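Presented below is the structure to which this report refers.
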Number of protein chains: 2
Amino acid sequence: MSNFPFQRLQADLSGLIDRTPAGQRLPSEPELAKQLGVSRATLRDAMRTFETQGLVRRRQGSGTFVVGKVQALDSGLEVLESLETMAKRLGLVISVSHLSVEPLAADETLAEKLGLEVGAGLLCIRRVIRADGRPVAYLVDTLPENVLRVDDVATDFHGSVLDFLLERGDILKTSRANVSALGATAEVAKALEIQRGDVLLHFYSQLFDENAKVVDYSLSYFIPGYFHFHVVRRVGG
Amino acid sequence: MSNFPFQRLQADLSGLIDRTPAGQRLPSEPELAKQLGVSRATLRDAMRTFETQGLVRRRQGSGTFVVGKVQALDSGLEVLESLETMAKRLGLVISVSHLSVEPLAADETLAEKLGLEVGAGLLCIRRVIRADGRPVAYLVDTLPENVLRVDDVATDFHGSVLDFLLERGDILKTSRANVSALGATAEVAKALEIQRGDVLLHFYSQLFDENAKVVDYSLSYFIPGYFHFHVVRRVGG
DNA sequence: CAGTGGTCTAGACCACACG
DNA sequence: GTGTGGTCTAGACCACTGA
């Protein structure tokens, strides 16, 4: 038994994952913990790091599986494009699940972000984006009801609010995005089929139309290992 | 005892933190766990979320303290500026600690990132950036030795590689930054005085000179609650 | 139904800060 | 030394999957 179980464990697990063919199941947690001489809690702690890298996938009731090398979704931040567009550009196939469309009234936060009054009618669209069947992103868009109605979404909506608005002919100018990181809440963890507290990359952004009105307030949660976001920065002076 | 200890606990802790004056110590972990009717493990799990938001600070051997509302360091990603410049612009005072300057030879990864051959001489600069005495970022810059030497750093180095190069008169063009999120490794956790596995925002970037040569490969780790990074995105087509 | 991962508990031992 | 947070263990119970 080492003095630094966690670091040894990460190395051991890394080796095990490398040696295991893609798609195959790893031994169960109690079994692995026993084999590697650590407690299940420590094992799970280490396993989380591999899940956020997209190397394994854990499914309650069925097991932990090694994930084959998947191509990450790669995009520059200067240009706003939907995940669908991004995937198409890279020749990948993604799908949408858990689509939920729900009218609601603006609370204080949403009212401020959207430039409306508290109580204004809104439409909230949530969905999970999957690549290779694996959930990789959870998206929540909230729009004023005069921009998007429930009926609109019933037809011609394929998962991207941005693409829907553009195809409809809306004139959109820019998006102001904020970049952060957080641990998954219970809600997001469930949607992405990960553990509560797992590391996520988080964007929250406002989409502006030609009149500088906010037409969409958007929250995005990404499993880090499946995305490469980059930006070219000018040296300032 | 609720069926969802964690969610109750977060709410309870949030209330406790709000009611506690800034700078004051919270009850010890065993004490709090007992008061709130949860195990210490669960309590610590919840407390992590408040630490990454910059609401509390935990110090081994001394306790958990409520942090007064600190102004986040706010910056646009379009322009590359040092944290020092950023802080000055916002009227904040930051400091540098744990400065380490170490020559090393390029391994495969560094050689590729810097456009050099394996074994090339490099200089690696690590340091912790603090705001209000609190570690908020951990920065690792690696440069070719023909760009920066140990002697150079001995004088006139105040914590920012970018500022140092600019003041020296180097012509720098752009930086290509990648944005991600990860859990703190043991090394980074120690430097930032947080727990291993705590959520961090992570940039890794290459800085280019006028000849498109890479002069600096940089890794940055940010405690999310202390930073607001944003970017204006053009709607693509 | 048996077996899996998800959550939580109780308690141990350690490293560190401070008097 | 005493008390703090940092780490790890062993085991319980739950929710879910799939035969």
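The sequence lines fix the lettering, A, B, ..., with proteins before strands; numbering per chain opens at 1. Quantities reported herein were computed from a predicted structural model and do not represent experimental measurements.
Tested against A:Leu83 for a side chain to side chain contact (heavy atoms under 4.5 Å, CB included), the candidates A:Val136, A:Leu139, A:Leu162 yield a single pass: A:Leu139.
In this structure, A:Glu51 places its CD atom 12 Å from C1' of C:dG6, rounding to the nearest Å.
Distances were taken from every side-chain heavy atom of A:Thr42 (C-beta onward) to each of D:dG5, C:dG6, D:dC8; the shortest belongs to D:dC8.
Shown here are the side chain to side chain donor-acceptor pair (under 3.5 Å) partners of B:Ser75, two or more places apart in sequence or in another chain: B:Glu81.
Within 4.0 Å (heavy atoms only), A:Arg196 reaches sugar-phosphate atoms of the nucleic acid but no base atom. Counting any heavy atom pair closer than 4.0 Å across all strands shown, A:Arg25 reaches sugar-phosphate atoms only and no base atom.
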For nucleotides 13-19 of chain D, just jot down a letter per nucleotide in 5' to 3' order: B, S or -, based on protein non-hydrogen atoms under 4.0 Å. --BBB--

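A close approach under 4.0 Å does not occur between any side-chain nitrogen or oxygen of B:Arg44 and OP1 or OP2 of D:dG5. Phosphate contact (OP1/OP2 of C:dT7, side-chain N/O of A:Gln195, threshold under 4.0 Å): present. Residue A:Ser39 places none of its side-chain N or O atoms closer than 4.0 Å to OP1 or OP2 of D:dA10.
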Reading DNA chain D 5' to 3', what string of ( ), [ ], | and . shows its pairs, if Watson-Crick and G-U wobble pairs count only when both distances fall under 3.5 Å? ||||||||||||||||||.

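Atom-to-atom distance recorded for B:Phe203:CZ and A:Phe229:CZ is 12.5 Å, nearest 0.5 angstrom.
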